[in-house]
Amino acid sequence: MLLKKLGLAAAAGAFALGLSMQAQAEDVLRIGVEGAYPPFSEKTASGELVGFDIDIANALCEEMGRKCELVEQDWDGIIPALLAKKYDAIIASMSITPERKKRVDFTIKYYNTPAKFVAAEGTDLTDTPDSLAGKRIGVQRGTIHQCYMEKKFPNAQLVLYGTQEEVFQDLAAGRLDAQISDSIQALEGFLNTDAGKGYAFLGGDQFDLECHGEG
């Protein structure tokens, strides 16, 4: 189980808060989730939401004795929807960055894993700005990884996607030279699947405090 792999306590979960006094008084606590970021948040064939973030949400709601409703939201609109009161909190692997702190409040972090590139095995590419200049790099739109690429790899050709699943689909189809995402997400959501055969991590951990935040 991913929760055990990361060695985390559900009660120490971190999520972006947008609670009002009215929301606290209501019976149902609405939680914003993405639902398209395996293994943290995804949907089964029957439409059930599962994954690490979903487990965290359910555990926290049980601990608080609150009835919760999971509300799916595309990633690039997840903070705007919170501010628009579509839901009361977010539990969706959101990194705690200085820019996001200007808009929402966070609890303590509940995990911290590095970002990494993924490319075809045996590629001549390296994880350097010169090597990736002009190359098509898949990135999920509105993420810390887009921030990082624009800051550290300005000459790469970014190809932006609405979901991480779409990034992996185009990488496997040969329409991208590489992609960058959370390393655990890339490992469990792509490399350890049939679609990820023939692909591997490219280079080492990628980190910038301004973009990636503290976890």
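Because the structure is predicted, anything quoted here is derived from the model rather than measured. These numbers come from the heavy atoms of this one structure, side chains and all, not from hydrogens, waters or symmetry mates.
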Problem - Pairing of Asp76 and Arg141 as salt bridge, 4.0 angstrom limit - result: yes
Side chains of [Y] and [X]: any donor to acceptor distance under 3.5 Å?
X: Glu165; Y: Gln169; value: no
X: Glu34; Y: Gln140; value: yes
X: Tyr111; Y: Ser93; value: yes

Problem - Atom pair CE/CG of Met149 and Asp208 - distance to nearest 0.5 Å - result: 12.5 Å
Exercise for the section: Quick one: list whatever passes side chain to side chain contact (heavy atoms under 4.5 Å, CB included) with Ser95, sequence neighbours left out. Expected result: Thr97, Arg100, Ile144
Practice task
If the plane angle is over 60° it's perpendicular, under 30° parallel, otherwise tilted; pick one for Tyr110 and Phe52.
Solution key: tilted
Exercise for the section: On the 0 to 90° scale, with breaks at 30° and 60°, tag the Phe153-Phe117 ring pair as parallel, tilted or perpendicular. Expected result: perpendicular
Exercise for the section: For the pair Ser41 and Asp53, evaluate side-chain hydrogen bond (donor to acceptor under 3.5 Å, both in side chains) and give the outcome as yes or no after the intermediate values. Expected result: CA-CA 6 Å; Ser41 179; Asp53 286 326; 5.5 Å; no
Fill in the blank from the handout: Nearest heavy-atom approach of Ile96 to Lys101 is CG2-CE, 3.4 Å
Are side-chain heavy atoms of [X] and [Y] found at a separation under 4.5 Å?
X: Leu187; Y: Phe201; value: yes
X: His145; Y: Val139; value: yes
X: Ile90; Y: Phe106; value: no
X: Lys152; Y: Pro129; value: no

If you look only at distance, which donor and acceptor atoms sit under 3.5 Å apart when one is on a side chain in residues 131-138 and the other is two or more places apart or in another chain?
| residue | atom | partner | partner atom | Å |
| --- | --- | --- | --- | --- |
| Ser131 | OG | Thr126 | N | 2.9 |
| Ser131 | OG | Thr126 | O | 3.4 |
| Ser131 | OG | Thr126 | OG1 | 3.4 |
| Arg136 | NE | Arg175 | O | 2.9 |

Practice task
Please list, chain by chain and in numerical order, all residues satisfying ring pair (Phe, Tyr, Trp, His ring centres under 6.0 Å) with Tyr199, sequence neighbours excluded.
Solution key: Phe190
